[in-house]
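Before any comments, here is the structure.
Every chain is numbered from 1 and lettered A, B, ... according to where its sequence line falls, protein lines coming before strand lines.
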Amino acid sequence: MIDFNLIKNNTEKVAKALGKRGVEVDFNKILKLDEKRREIILEIEQMRSKRNEVSSKVPAMKKAGENTEKVFAEMKQLGDEIDSCEKRLSAVEAELNEILWALPNMPDEDIIAGGKENNQPIYTFGKKPEFSFKPKDHVELCTSLGMIDYERAAKLSGNGFWIYRGIGAQLEWALLNFFISEHLKDGYEFVLPTQMLNEKCGFGCGQFPKFADEVYYVDKAGGEEGVKQFLLPTAESAMVNLYAGEIIPEDKLPFRMFAYSPCFRQEAGSYRAEERGMIRGHQFNKVEMISYATPEQSDAMFEELVNKAKNLVEKLGLHFQISKLAAGDISATMCRTYDIEVWIPSMNIYKEVSSVSNGRSYQPRRSNTKYKTKDGKNEFVHILNGSGLATPRIIPAIVEQFQNEDGSVNIPEVLQPFMGGLKKIEPKK
RNA sequence: GGAGAGGUACUCAAGUGGUUGAAGAGACGUCCCUGCUAAGGACGCAGUACGGGAAACCGUAGCGAGGGUUCAAAUCCCUCCCUCUCCGCCA
């Protein structure tokens, strides 16, 4: 949620920032609704004040044996007026909120306008591998090496799922363990969140109402109506709401945390044909880094998270680049995002394995998460997040980039300790 | 899933319709006394959000959440959420 005072007092700035996303907003309408809102509030409060004043005199009147009938009749009428004003108020507020909640976050000053095509690579590690033989793609490699079972996954669940098997499962778990151990070394707190979340969380992290259709809802047996929960699409949804409604003492900031969870996404209408295999699925594993920071700490924290994600991929030895996203490609809740994109030879493209973002106070405003400054004021915290990392594109990158002519795959050195010292995945004889 | 008990400010807790946004206690803060790893005393103590105002300040809301009854709700009624205890279920 954008700071309403900013919309009111610096409309130009907000309009310019949102314009970079190609979003046009009818600010006139917003300001008019707000004016109307305040008008009604004033009216209501004056009437309530009157009623409170009269009410406080009633006990004395009764004691003195005075007739209260007339006063009660007047107050009854006043009460009815208050009711009708309240109805008008909630209609105005509903209209205003619908607009405000739908506004995306403001991209930072230095973020350039436009969509994906304006993303700028700002860092590259390694180079595209050259093969003296005809390289295989990850689907073929993972299948032939017995790492991933697509067909039986479809049998158990449906299209867009896969099963890790044998050495594939070991590699997946080794990756997660590697990430976890690196984050622990950096002093980050390990969190395993609930994997089912209520709708408040969806709203708090800013994914609802816009993306409510893209998650999986879980109903109780028998399709019972009630509070619905959904399977988290990313641990971010959980972690952003961890301190919702709370006030954090400033000396506890920054909080550095990371969470592991499977992530569930409908990915309806996605590019199945070109994104074969595990490039995009309904369920995948991810370790997510989350930081809560003061506004002063937030920019340094962003750099820290980018560095952490970068180091993970570097230690794996994969060729990748970091892209600074253009305004239109940054997710609606964020001010700035750097993507870490790993090279997938068979697709001839860089694919995102980590997205590090600073949303500043946008999500905390929605989830009402504040911190108490040293001089006792309550301010909204900043929340940052970044994948550290998501695995589904790492495995394709590893098997494709590190494949050998005989169909074997070299295991990155940093993963070997987590795989009983295994150095190479050999084709089955 | 069933039965019961609860949810009041930082914590504990009193409060079953009215001048109570909330007794009391602890904690906390400031000060005093005393003097030494303690004890005593005085005073202060919702925080917050929103609205009005140049400001001082004034007002409104708020007792788990949301509705309702009433001139008036922490208090009565309804729905929901959460916690605890017992029972049941337990792939």
Take atom P in B:U75 and the same atom in B:A9, then report the distance between them in whole Å.
-> 15 Å
Short question: side chain of A:Ser144, backbone of A:Glu140 - any donor-acceptor pair under 3.5 Å?
-> yes
Do the side chains of A:Phe190 and A:Ile180 get nearer than 4.5 Å, heavy atoms only?
-> yes
pair_partner(B:U60), Watson-Crick or wobble, both distances < 3.5 Å, evaluates to B:A49
Write down the distance between CZ (A:Phe380) and C1' (B:U48), rounded to a whole number of angstrom.
-> 11 Å
Between A:Asn385 and A:Glu236, is there a donor-acceptor pair closer than 3.5 Å when you use the side chain of the first and the backbone of the second?
-> no
Hey, can you tell me if A:His183 and A:Tyr188 have their rings parallel, tilted or perpendicular (30° and 60° cut-offs)?
-> tilted
Nearest-Å distance for atom pair CG/C1', residues A:Asn5 and B:G51 = 13 Å
Pair partner, B:A42 [Watson-Crick or wobble, under 3.5 Å] = B:U30
Reckon A:Arg38 has a side-chain N or O less than 4.0 Å from the OP1 or OP2 of B:C50?
-> no
Both distances under 3.5 Å, Watson-Crick or G-U wobble: report the partner of B:A23, or none.
-> none
Euclidean distance, atom CD of residue A:Glu43 to atom C1' of B:C50 [Å, nearest integer] = 16 Å
Return the nucleotide paired to B:G4: Watson-Crick means purine N1 to pyrimidine N3 with N6-O4 or O6-N4, wobble means G-U with N1-O2 and O6-N3, both under 3.5 Å.
-> B:C84
Determine the interatomic distance between P on B:U48 and the same-named atom on B:C10; round to the nearest Å.
-> 10 Å
Position toward the 5' end of RNA chain B (nearest nucleotide), A:Ile41 or A:Lys76 | A:Ile41
Approximate separation, where rounding is to 0.5 Å, of A:Phe402 CZ and A:Ser408 OG | 13.0 Å
Should B:A13 form a Watson-Crick or G-U wobble pair with both distances under 3.5 Å, which nucleotide is its partner?
-> none
How close or far is atom P of B:A49 from atom CZ of A:Arg365, stated in whole angstroms?
-> 12 Å
Quantified in whole Å, what is the P atom distance between nucleotide B:A54 and nucleotide B:U70?
-> 41 Å
Measure from CZ on A:Arg37 to C1' on B:A61 and round the result to the nearest Å.
-> 13 Å
How far does the P atom of B:C80 sit from the matching atom of B:G44, given to the nearest Å?
-> 45 Å
A:Ile82 atom CD1 is separated from B:U70 atom C1', nearest whole Å, by 13 Å
Taking for A:Asp34 and for A:Ile247 the nucleotide of RNA chain B with the nearest heavy atom, the one nearer the 5' end belongs to A:Ile247
Dump every N/O contact between nucleotides 17-20 of chain B and the protein below 3.5 Å, one line per pair.
unit_1	atom_1	unit_2	atom_2	d
B:G18	O6	A:Lys62	NZ	2.5

Using the C1' atom in both, what is the distance from B:A91 to B:C86, to the nearest Å?
-> 25 Å
What is the minimum heavy-atom distance between A:Asn241 and A:Gly204, and which atoms define it?
-> OD1-CA, 3.5 Å
Taking the side chain as every heavy atom from C-beta outward, state whether A:Cys205 and A:Thr333 have any atom pair closer than 4.5 Å.
-> no
When you compare B:U69 with B:G29, how far apart are their P atoms, in angstrom units rounded to a whole number?
-> 48 Å
Any side-chain heavy-atom pair from A:Arg165 and A:Met147 closer than 4.5 angstrom?
-> no
May I ask you to test the A:Gln297-A:Tyr292 pair for a side-chain heavy-atom distance under 4.5 Å?
-> no
With the side chain defined as heavy atoms from C-beta on, A:Arg51 is closest, among B:A72, B:G51, B:U48, to B:A72
Taking OP1 and OP2 of B:G59, is either one under 4.0 Å from a side-chain nitrogen or oxygen of A:Ser49?
-> no
Base-pairing assignment for B:U69 (Watson-Crick or G-U wobble, both under 3.5 Å) | none
What interatomic distance, in whole Å, is found between C1' of B:C12 and the corresponding atom of B:G4?
-> 23 Å
Does A:Asn52 have a side-chain nitrogen or oxygen under 4.0 Å from the phosphate oxygens OP1 or OP2 of B:U60?
-> yes
Determine the Euclidean distance between corresponding P atoms of B:G21 and B:A73; express it in Å to zero decimal places.
-> 11 Å
Between B:G66 atom C1' and A:Lys200 atom NZ, what is the distance in whole Å?
-> 11 Å
Atom CG of A:Asp83 to atom P of B:C71: distance rounded to whole Å?
-> 12 Å
